[in-house]
Visitor: 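Here you go, one structure.
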Amino acid sequence: MAYDFNSIEKKWQQYWAHNKVFKAETAPGKPKYYVLDMFPYPSGAGLHVGHPLGYIASDIYARFKRHKGFNVLHPMGYDAYGLPAEQYAIQTGTHPEVTTEKNIKRYRRQLDQIGFSFDWDREVRTSDPDYYKWTQWTFIQLFNSWYDKSADKARAIDLLIGEFAKNGNGEVNAACDGLEVFSADRWNSYTEAEQQNILMNYRLAYLKDTVVNWCPALGTVLANDEVKEGLSERGGHPVERKLMKQWLLRITAYSQRLLDGLDTIDWTDALKESQKNWIGRSEGASVNFDIKGHNEIIEVFTTRPDTLFGASFMVLAPEHELITSLTTPQQKEKVEDYVKWAKNRSERERMTEVKKVTGMFTGSYAVNPLSGNEIPIWTADYVLAGYGTGAIMAVPGHDSRDFAFARHFGLPIIQVVVGSGDEAGDTATWDDSYDSKEGVMINSGFLNGMSVKEAIQASIQKIEEMEIGYRTINYRLRDAIFSRQRYWGEPFPIYYKDGMPYALDESELPLKLPPVDKFLPTEDGDPPLARAENWHTKDGYPLETNTMPGFAGSSAYYLRYMDPHNEEEYFSKEANEYWRDVDLYIGGDEHAAGHLIYSRFWNKFLYDLGMVCEEEPFRKLINQGKIQGRSSFVYRIKGTNTFVSKGLRKDHETQALHVDINMVDNDILDTEAFTNWLPEYKNAEFVLEDGHYYCGHEVEKMSKSKHNVQNPDALIDKYGADTLRLYEMFLGPLEQDKPWDTNGIEGVFRFLRKYWRLFFDEDDNLLLNDENPTDEELKVLHKTIKKVNFDIERFSFNTGVSAFMICVNELSDLKCHKREILEQLTILLSPYAPHITEEIWQILGHSGSISTTAYPVHNEDYLAENSIEYPVSFNGKMRFRLKLPVDLPKAEIERAALEAEEAQRWLEGKTVRKIIVVPGRIINIVVG
RNA sequence: GCUCGAGUGGUGGAAUUGGUAGACACGUUGGACUUAAAAUCCAAUGUGACCAUUGCGGUCGUGCGGGUUCAAGUCCCGCCUCGAGUACCA
C-alpha cells in the first residue's frame, strides 16, 4: 500500500481523541514533566505556518518525555480576551464572544490536524466565567494585601489594620507611596473613608491618579509594554499622556525578587537581559537640596554622588509638584506656558524630538549641600516625572544631556573628574561632556585626589553624616496600570461606597460580564460597562466600569491547567504540589517584557500567600524564532500592462509588485493563474526568459498585504501533517528567525516515503523480515539513536531530522527490512512524525498507541570501531586519510603516518619538526 | 546612542565546542526507466584562468584586518554590515 497520509492521519487523530491517549492525571509517585506553550490569541486570520513552530517543538519534546516514562502535562487553551474582537464588535455589532467562539473553533480544527498531543480536557479560556472567576479572585487577594519589606513578602491587609489600631504606622516598613506618620490614636479617630484612603496607599492593587498612556483611537489606556515607539502595539495608533484614576498593581514591590529570581532559572541570557533592563536597577544615593528662601527641599536621586561638586544647576520635571511654589512672580507666566506646552506634547513628539533642548528657569535657587554654591532651578521635559523623584542635580561636565542643556542656556560647566594622566580641560571648549566612569576627582573639596570609586563611597558617607541623604537603589520598573476602558475583558470585582472602592465577597464570584447595547464609551466618556443595566451590587452600590487588561488572564493560566475543573478553589494544593512548575515553556520573545514579568510577579504573590510551592513559574524557557515570509515579485514596465521576467528587468524601467506566493513555484510564475488573479491583470502580457516568467523574491514579515502568507492547511492537504511537522523542524534552529520557503518540503516528504518503502515494496508487499541484523545495520541504528537522543535533549530538532534522513538513506542502501532494526527506528521517529509511526507500529503487530513505548537507548558496543580513518595533515592542512587500528599506540601511529605512501611527497626535502597525534581524532605533521 | 543576536556555496542550514569546512535537504545540470507524465534511481555541482592540463593534484576560500596555536568558522584584539529590543532612567 502506498503511503496514504490522509487516511492515516485522520485515523490516528481520531484514535488519540477517542481513547484520550494524552490525558494527564495527577499521579504522585510517577515523575512529572510539564510542557507548556504560550497560549494563542485566536485571531480571525487563523494560523499561519509561523504559529505552530513552537507547538511542534514542544510536542516533540512532550512525546519524547512520555516515551521516557514521564507523566507529561501538555495542555492548550486560549487567550480569548483581546482588542481585535472588540474592534470588530464596534464596527459590526457582533458580540466579541461570538467572534471569539468562531475563531477558537477554527484554531482548534487547525491545531487538531497537526497532530498535537494536547490534553484537551484541560483547555482553559480566559473569557470563560469559570476561569476568570479566579482572575477576579486573585485581584481581590491583591487588593487585600500589602507588601511587608521587613519580611520581604506580601501579607494580609487585616494585619496592617490591626497594627495601625495598636501602634500607628511608625513601625511599619511597607512598599507604599510616601505617607505621614500617624499614631494609633490618630488612626482610630479617622473616619472610615479616611482609613480606606490611607489603606489604598498600601494595597498591592490600588486606585490612583496616574499619568497614563491614553490611546484615543482605541479609547483606552495602555500599559508601557503595549506601547512601541509612542504608538499602540495593536493598530499603531498615537498615544498621549493623560492623568486618570486607574487601578495599578504594585509590581515594584517585587523588583528585587524579580531580579534575583533570574539567577535561578534556565532562560537565555538575551531574555534575562531584557528583563534586567526592564527592571532597571541602579545603585546610588538620594540627596536633599535646600531651596534658598523656601522651607521645602528638593530630593534627587543620583548614581554619581561623587560628582556633587560639579552640580551647577537643578532640573525638575514639568509635572513636579514644587514647580508652582518655587516659581518667582517674574518667571510665573513663562514657566506656566512651558509646563502647559510640555504636558501637551504627545509621547511620539517627545521621542522624535529628543535632540531639541527645551526648558525654563523657575527664578529660584537651590544650595549645593557640599560646595555651598547657589545653583539655579530649571524645569525641562528631559527630566521624567516617573523616574526617581522627578528631579535631578545637573552635572553638565559629565553628563551629555546636562551638557547639551547647559550649553543651550549658557549655564556653568564644571569639570570634577579627570582621567588619570590627563590634564583638566577648559570646559568652554568642549563639544560634549567628559566620560567620567573612571578617573580622579578634582574641584571637589574633600574628594579631591580620590578615584571615582572611592569618591562615591566617601560622598555617600558624608551626606549620611550630614543627614541630608542616604544610600539607595532605584528601579526603572513602574507599577502596572491595570484598568482598561474597554468591554471585552474581566470585570473588576469591585464596587464603590461613598466613592471608596470595596472588594466583592468571594462568594459573589464570578462577576459576569454584562450585556451592553453598544461596545462604545458612553456620551460622558465612561467605559462601555457603564452602559450595562443593573450594573451594581444587590445593595445598590455601583460596580467598577473598567475592565482588566490582557495580561490579567494570561498571568497564571499555567496554574489553572494543573486543576482546571476545580470549582472550590483556584487549584488544589495536591495538584500544585505534584505539577509544581512549568519544566519547559516555549513561546515568542515578544513577551519578554510583558507577560513574562507579570507572570513571575503574579506567581511570587501567590507564593507569598502560600498557594504555590515554587517561587518561579517557568524553569526553562525557549523563545522560538519567527518564521518570516518569502515574498515574490513581478516586474511591470512602468505605464504598461507588460511584465518582464526578473533577469530582463534591468532593460526596462519597472515597478516591483507583490504577487501571491501560491501562484509561484520555485520562482516560476503561473502566468495563467496570474491573469485570472485580479481584473487589472486580465490582459497582462509577459516577457519570458527561457520560456518561463521568473519572479524576484525578498524576505519580509508574513502578512496578508504582502501576499506571502502560508497557512498550514494547504500544505497538510498536499503533504500531510507529519511532513509539515518535520519540515518546520528541518528549516533551521528553533530559536533562530528564518524565512519560510516551501521548496524544501519535498525533500522531507520524500524522506517519509523512503521510510515507508523500508516496509513495503512498490507492489505493496510487506518487506519486513525477522532476520538477525548485521553489525553494520546495528551500527547505523545505534548511531542514529545516540544522535537523536542527544539532539532532542538540546532542542536541536533540525539536526535530529537530518539524522533520520541519513539513517533511512543508509538502511535503504543496505536493503535492510529487518524488524529488529525498523521497530526501534519507528519508536525513535514517533515524536517527530506521530501518525505514520503509529500506523507502522500497528503494521508491526502491536496494539494500542506507540506513545508510551520505551524510547530506544543506544549501545556503545555497536558503535565501536576496530579501525579509525585518520585525517593526516601537514602544517594543519588535511592531505590524505589513513586507516589504522583503534588501539594503536601513539608512537606506532606516528610511524605509520610517516611511512605512508601518500606522505612521501609531503616529506620530500623537508624536515619533520613535530608530530601531533590526538588518538581517535587527527594526525598533524609539522614540516619545514 | 545603549543592550543583545547574527554574518559559512545559487538557497535553508551542518560542523561532536580548537582537530577532515560545506553533513542533511532544496535548486540546477546530465543520465536511467516511461508512448508520455508523475514517481523512483544514478552522477556532477564553493571559487578561480594561478600551476598543471594526460590525469592525479596544487593554490586560495567561513563579512574585513591583525593575533594566539602544531591546528581557528570556532579563541583574543580592532573594524564593517544586517537584524531585534530599548530609548532623555539622572
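Worth knowing before you read on, the calculation uses all heavy atoms, side chains too, and leaves out hydrogens, waters and symmetry mates. Keep in mind the model is a prediction, meaning the values are calculated, not measured. Note on naming: letters A, B, ... go to the chains in the order of the sequence lines (proteins, then strands), and numbering restarts at 1 for each one.
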Visitor: Nearest nucleotide by nearest heavy atom, which residue falls closer to the 5' end of RNA chain B, A/S282 or A/G747?
Guide: A/G747

Visitor: Counting runs of three or more consecutive pairs, Watson-Crick or G-U wobble, with each distance below 3.5 Å, where are the stems of RNA chain B?
Guide: B:1-7 with B:80-86, B:10-12 with B:24-26, B:27-32 with B:40-45, B:63-67 with B:75-79

Visitor: Verify the contact: side-chain N or O of A/R879 to OP1 or OP2 of B/U59, cut-off strictly under 4.0 Å; return yes or no.
Guide: yes

Visitor: Hey, does the side chain of A/S274 come within less than 4.0 Å of B/C4's phosphate (OP1/OP2), counting only N and O?
Guide: no

Visitor: Does the pair A/E283/A/R471 count as a salt bridge with the N-to-O cut at 4.0 Å?
Guide: no

Visitor: Closer to the 5' end of RNA chain B via nearest nucleotide, is it A/V926 or A/N809?
Guide: A/N809

Visitor: Using the side chain to side chain contact (heavy atoms under 4.5 Å, CB included) criterion, which residues pair with A/D722? Sequence neighbours excluded.
Guide: A/Y3, A/E9, A/R725, A/L752, A/A833, A/P834, A/H835, A/I836

Visitor: Which whole-number value in Å describes the distance from A/R757 CZ to B/A39 P?
Guide: 12 Å

Visitor: Please, which pairs that meet salt bridge (Lys or Arg N to Asp or Glu O under 4.0 Å) have at least one residue in residues 379-393 of chain A, sequence neighbours excluded?
Guide: A/R345-A/D381

Visitor: Are A/R304 and A/D399 within salt-bridge range, i.e. N to O under 4.0 Å?
Guide: no

Visitor: Would you be so kind as to tabulate the donor-acceptor pairs closer than 3.5 Å made by side chains of residues 308-315 of chain A, with sequence neighbours excluded?
Guide:
from   : atom 1 : to     : atom 2 : distance (Å)
A/S312 : OG     : A/P412 : O      : 2.7

Visitor: Starting at the 5' end of nucleotides 12-18 of chain B, put B wherever the base has a protein heavy atom under 4.0 Å, S where only the sugar-phosphate does, and a dash everywhere else.
Guide: BSSSB--

Visitor: Using heavy atoms and a sub-4.0 Å distance, could you list which residues of residues 299-306 of chain A are near RNA chain B? By number, please.
Guide: A/F301, A/T302, A/T303

Visitor: Would you call A/R757 and A/D761 a salt bridge, taking side-chain N to carboxylate O under 4.0 Å as the test?
Guide: no

Visitor: With a 4.0 Å cut-off, would you call A/D741 and A/R630 a salt bridge?
Guide: yes

Visitor: Would you say A/R753 reaches B/U40's phosphate, i.e. side-chain N/O to OP1/OP2 under 4.0 Å?
Guide: yes

Visitor: Look at the side chain of A/M878 and decide which nucleotide, out of B/C70, B/G27, B/U20, has an atom nearest to it.
Guide: B/U20

Visitor: May I ask you to check whether A/W740 and A/Y727 place their ring centres under 6.0 Å from each other?
Guide: yes

